[in-house]
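Everything numeric here is computed off the predicted structure, so don't read it as measured data. Numbering of ligands and ligand atoms starts at 1, following listing order. Numbers here simply count residues along the sequence, with the first being 1.
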Amino acid sequence: MHTTTMTRVTSLIGATLLGLTTLQASAAPEIPPIPAVQGDVVQAEGDFKIKFSIGTTQSGAQYRGLEYFEKIVEQRSDGHIQVELFHSAQLGDDLQAVSNLQSGTLEMTAPSTSPLVGMFPEFAVFDLPFLFPTPEVADTVLDGEIGQKMLDDASRQGLVAIGWAENGYRQLTNSATPVTSPDDLDGLKIRTMQNDIHLDIWRTLGANPTPMSFAELFTALEQGVVDGQENPWITIEASKFIEVQDYASETNHVYTPFITLVSERFWNRLPAGYQQLVRDAAKQMGDYEREVSRTLNDQIKQQLKQSGMQITELTPEQVEVFQEKLAPVYDDWRDEIGGELIDAIRKASQ
Ligand code: TK8
């Protein structure tokens, strides 16, 4: 008796496991391959090392972009510039990494713009809710005059700003309840980035927001210090928030860019040819990272659903309720940000 039932049981387990892994495997996102390096080898004096550190994990779209940056810079400098990549805030969270650039202990980072609003108030425009109707409008603004002026203006305080990449549209997750309207947020403790507009957004919606570094977020969710958080699907998946969050609502409430920064001390040591190489590589990294981010966005959402996250896709009417409730946020911040800049960005979406 024993043997036959044992074999049947083991084959049953085998089959189930196989089923699961194939489902996971079949659901595995198709990541656009890292492109070939374009452009010739740059001749310049000296050997250099770039430590490039970010706050998101190794399995996110952002790290993928960094791998392309590394490939371009090492190939086109014929190995005279070596790039070492760090992820998951290994060399500091967004704010710490920026201050490491200023002190010259780190060469490059690419934080979200939101935690930097204290240093660069003009970045606050990106935190206004529902400002960018589509990623393409965000590209038009970031790759256009407005984006270039922001990079030039942000090249101060020991930093050189050389490019943009995509963090993406933010989605709400929480461990307590499905959210289809602001009423469902009553009293929910929501972690936000260290940014006054985000605090204003969640207070205005009726939640109880707490500003916190991304590096502390997983533990805070795990320990119930906060009930929820908001980030793009890719970051939700790559940070394994599904382990501590049961519900998600596709709010798309804010589009957050990443900004590519270099330590000015390091930049001034680089010969002009290598400065241009790093600038070109940052542009190509940003474009590729956007492609990865947009290719993965919906795939990852489906995968999270398959893995058991209860995702609420809001109807246009339900989104409108959030938009109307958040309209006062524009009044609160228009003067501080500058009506002209807001109107210019709004115009770009017409
Ligand atoms: C990663 C952060 C993250 C951001 C946040 O360092 O803090 O929630 O969305 O991507 O920049």
Other residues, nucleotides and ligands only: do more than 12 of their heavy atoms fall within 6.0 Å of CG on Asp40?
no
Asn167 neighbourhood, listing ligand 1 atoms whose heavy-atom distance to it stays under 4.0 Å
3 (C), 4 (C), 9 (O), 10 (O)
Report yes or no: does Asn231 have a heavy atom closer than 4.0 Å to ligand 1?
yes
For ligand 1, which is the ligand I care about here, please tell me if Glu230 has any N or O atom under 3.5 Å from one of the ligand's N or O atoms.
no
Relative to the heavy atoms of Ser112, which atoms of ligand 1 are at a distance of less than 4.0 Å?
2 (C), 3 (C), 4 (C), 9 (O), 10 (O), 11 (O)
Looking at ligand 1, is there an atom of it that comes within less than 4.0 Å of some heavy atom belonging to Arg191?
yes
Using modelled atom types only, decide if a donor and an acceptor are shared between the side chain of Gln171 and the backbone of Glu230 within a distance under 3.5 Å.
no
Heavy atoms of other groups near Lys149 NZ, more than 12 under 6.0 Å
no
Is a side-chain donor-acceptor pair under 3.5 Å present for Gln229 with Thr173?
yes
Is there a heavy atom of Asp93 sitting under 4.0 angstrom from any atom of ligand 1?
no
Flag the pair Arg191 and Glu216 as a salt bridge only when some basic side-chain nitrogen lies within less than 4.0 angstrom of an acidic carboxylate oxygen.
no
Gln148 versus Asp152, side-chain donor and acceptor atoms under 3.5 Å
yes
So is Thr235 in contact with ligand 1, going by heavy-atom distances below 4.0 Å?
no
Using a 4.0 Å cutoff against the non-hydrogen atoms of Met193, which atoms of ligand 1 qualify?
4 (C), 5 (C), 7 (O), 8 (O)
Parallel, tilted or perpendicular: which describes the rings of Trp164 and Phe123, with under 30° parallel and over 60° perpendicular?
perpendicular
Please verify whether a non-hydrogen atom of Arg170 lies at under 4.0 Å from ligand 1.
yes
Around atom 2 (C) of ligand 1, find the nearest protein heavy atom and jot down its residue, atom name and distance.
Asp94 OD2, 3.5 Å
